[in-house]
Amino acid sequence: MQTSKFFRLEDFIAGWIGGASSVVVGHPLDTVKTRLQAGKGYQNTLDCVLSIYRKESVAGFFKGMSFPLATITIYNSVVFGFYSNTQRLISKYRYGDERHPCGMLDQTVASMLTGLMSVGLGAPVELVKIRLQMQTQPVLAANLQLAGNTATGASIPLRSIDIPGQRVYRGPIHCISSILQTEGLQGLYRGAGAMILRDVPGYTLYFIPYEIFSNLLKRDGMSSLHPGSIWLAGGLAGSISWVTATPADVVKSRMQADEQLPRKYKGIVHCIMHSYRTEGLQVFFRGASVNAIRGFPMSATMFLAYELSLKFFRNI
């Protein structure tokens with residue numbers, strides 16, 4: 001199943017299947033991670049989990065999943081297809097044979113290019129997902145004021161307004177439409193700069209550890225990995241990637257959740273400095289434990305479904 005000598009379609013199809021599997025497995029913890037990083041009022045991970053369950057039941061953990069399920073599957077399809085085909089192109093032009101195994105430097109270049117490319121597709125998807133996940137959070141005082149409530153007509157700043165059940169967006173399509181109307185096309189790419197800082201090194205620390213662990217777990221004389229080894233290598237790679245990406249992920253999540261006008265954060269540097277001054281260095285590692293726990297099953301499922309699907313299609 002391939003469209004040309006160098007471009008192979010099965011990589012994209014296998015990536016789509018892997019992406020769908022990983023979304024279902026990882027979305028509940030992704031919701032917890034987003035609430036911890038961009039929300040208010042949670043003491044720790046367990047408190048966040050219990051709070052979501054008490055206020056929103058089990059359905060709260062799957063809030064906003066329909067959009068990632070429809071889009072991240074395509075996103076992962078493009079990511080894995082791009083990464084695999086980029087490796088073949090590098091092998092073709094460096095060694096004269098697309099089947100020549102890529103070295104560590106080749107894989108690093110392919111991973112970084114994949115991370116850079118992924119932002120163009122992933123930034124709008126992540127922004128909509130985060131906006132939907134954050135809908136039950138209090139409306140923060142930094143972005144709201146009541147005017148004309150004093151004798152002098154001065155504004156009274158609010159600390160927060162918590163309106164139970166408040167829904168700004170009716171769903172993913174309404175969310176996209178609202179952002180385009182109020183912020184324009186650039187609104188969908190808010191936080192894209194922070195996402196580049198997260199995904200370029202993030203994908204390098206995703207694919208490279210997977211290749212390393214795969215080689216370590218491969219039995220002598222075996223050309224393919226056992227499914228259990230694929231699962232373990234993928235899970236370890238995912239945990240490493242997500243934990244190291246947490247600081248940039250915190251900045252990205254805060255900027256994308258910042259929807260009220262005027263903006264709380266003027267840009268990446270302002271977001272970093274403001275978060276550090278108000279909450280300390282530890283704020284950049286908020287959700288790291290969730291990322292480590294969530295990253296393992298998500299990536300293990302992703303790589304296992306990808307590799308098994310790829311093997312199936314190539315044997316057709």
Side-chain angles (χ1 to χ4, degrees), residues 30-40 42 64 67-68 71-72 75 79 108-109 111-135 137-144 168 175-176 178-180 182-206 240-292 294-295:
D30 184 64
T31 298
V32 175
K33 183 265 298 182
T34 300
R35 297 282 182 91
L36 281 170
Q37 290 180 343
K40 296 288 182 181
Y42 301 119
F67 187 65
T71 55
I72 290 180
Y75 170 78
V79 164
T108 301
V109 172
S111 300
M112 293 178 71
L113 290 173
T114 300
L116 187 61
M117 177 279 305
S118 71
V119 175
L121 287 174
V125 173
E126 294 243 339
L127 183 132
V128 172
K129 173 180 69 69
I130 284 174
R131 294 282 175 90
L132 290 172
Q133 287 174 325
M134 294 297 294
Q135 284 206 106
Q137 293 297 293
V139 179
L140 300 181
N143 297 321
L144 281 180
V168 179
C175 181
I176 294 171
S178 298
I179 292 170
L180 287 173
T182 58
E183 305 173 49
L185 183 61
Q186 67 270 23
L188 289 174
Y189 285 89
R190 179 164 176 78
M195 195 170 177
I196 290 174
L197 295 178
R198 184 194 74 174
D199 285 359
V200 171
Y203 273 110
T204 304
L205 291 172
Y206 185 61
I240 291 171
S241 176
W242 271 108
V243 168
T244 53
T246 297
D249 191 47
V250 169
V251 176
K252 179 202 71 69
S253 294
R254 290 188 164 211
M255 291 189 67
Q256 290 183 326
D258 183 23
E259 59 182 307
Q260 301 293 331
L261 296 175
R263 299 290 189 196
K264 182 178 181 179
Y265 306 117
K266 299 175 183 178
I268 296 174
V269 175
H270 181 253
C271 180
I272 293 171
M273 296 305 296
H274 183 276
S275 298
Y276 174 73
R277 284 197 300 266
T278 57
E279 300 173 70
L281 186 63
Q282 67 271 18
V283 70
F284 298 108
F285 296 93
R286 185 173 293 172
S289 59
V290 177
N291 275 339
R294 162 182 168 266

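Nothing fancy with the numbering, it's 1 onward along the sequence.
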Kindly write out the residues that satisfy side-chain contact (heavy atoms from CB on, under 4.5 Å) with I196, not counting sequence neighbours, or none if the list is empty.
-> L116, V119, V200
Nearest heavy atoms of A192 and A123, plus distance in Å | CB-CB, 4.2 Å
Only counting residues at least two apart or in another chain, list the ones meeting side-chain contact (heavy atoms from CB on, under 4.5 Å) with T71.
-> F67, V125
For D249, which residues count as a salt bridge (charged side-chain N to carboxylate O under 4.0 Å, His left out) partner, sequence neighbours excluded?
-> K33, R198
Which atom pair, heavy atoms only, marks the closest approach of K264 to H274?
-> CE-CE1, 3.5 Å
Side chain to side chain donor-acceptor pair (under 3.5 Å) partners for S111, two or more places apart = none
Keeping to residues at least two apart or across chains, list the salt bridge (charged side-chain N to carboxylate O under 4.0 Å, His left out) pairs with something in residues 185-196.
-> R190-D258
Sorted by chain and number, sequence neighbours left out, side chain to side chain donor-acceptor pair (under 3.5 Å) with S275 holds for R254
Taking ring-ring contact (aromatic ring centres under 6.0 Å, His included) as the test, write out the residues that go with Y189, two or more places apart.
-> none
Here the pair of heavy atoms bringing V128 nearest to C175 is CG1-SG, 4.0 Å
Gap between atom CE of M273 and atom CD1 of I268 - 0.5 Å precision | 14.0 Å
What distance do L188 atom CG and I176 atom CD1 have between them, rounded to the nearest 0.5 Å?
-> 6.5 Å
Quick one: pull up OG in S253 and NZ in K129 and give me the separation to the nearest 0.5 Å.
-> 6.5 Å
4.5 Å side-chain heavy-atom contact, R294 and V32 | no
Heavy-atom side-chain contact between L197 and K252 under 4.5 Å | no
Nearest 0.5 Å, what's the CZ-CZ distance between R35 and R286?
-> 14.5 Å
Crowded around M112 CE? As in, over 12 foreign heavy atoms under 6.0 Å?
-> no
Under the side-chain contact (heavy atoms from CB on, under 4.5 Å) test, which residues partner S178, sequence neighbours left out?
-> Y169, H174
Rounded to the nearest 0.5 Å, what separation is found between the CG atom of D30 and the CD atom of E126?
-> 7.5 Å
In short, V243 meets A288 closest at the heavy-atom pair CG2-O, 4.0 Å
How would you list, by chain and number, every residue that makes a side-chain contact (heavy atoms from CB on, under 4.5 Å) with P247, sequence neighbours excluded?
-> F284, F285
How would you list, by chain and number, every residue that makes a side chain to side chain donor-acceptor pair (under 3.5 Å) with Y203, sequence neighbours excluded?
-> Y75
Report the distance from atom SG of C271 to atom OH of Y265, rounding to the nearest 0.5 Å.
-> 5.0 Å
Closest non-hydrogen atom pair, S118 against D199 = OG-OD2, 3.5 Å
How would you list all residue pairs meeting salt bridge (charged side-chain N to carboxylate O under 4.0 Å, His left out) that involve residues 266-276, not counting sequence neighbours?
-> none
Contacts of type side chain to side chain donor-acceptor pair (under 3.5 Å), residue T246, not counting sequence neighbours = N291
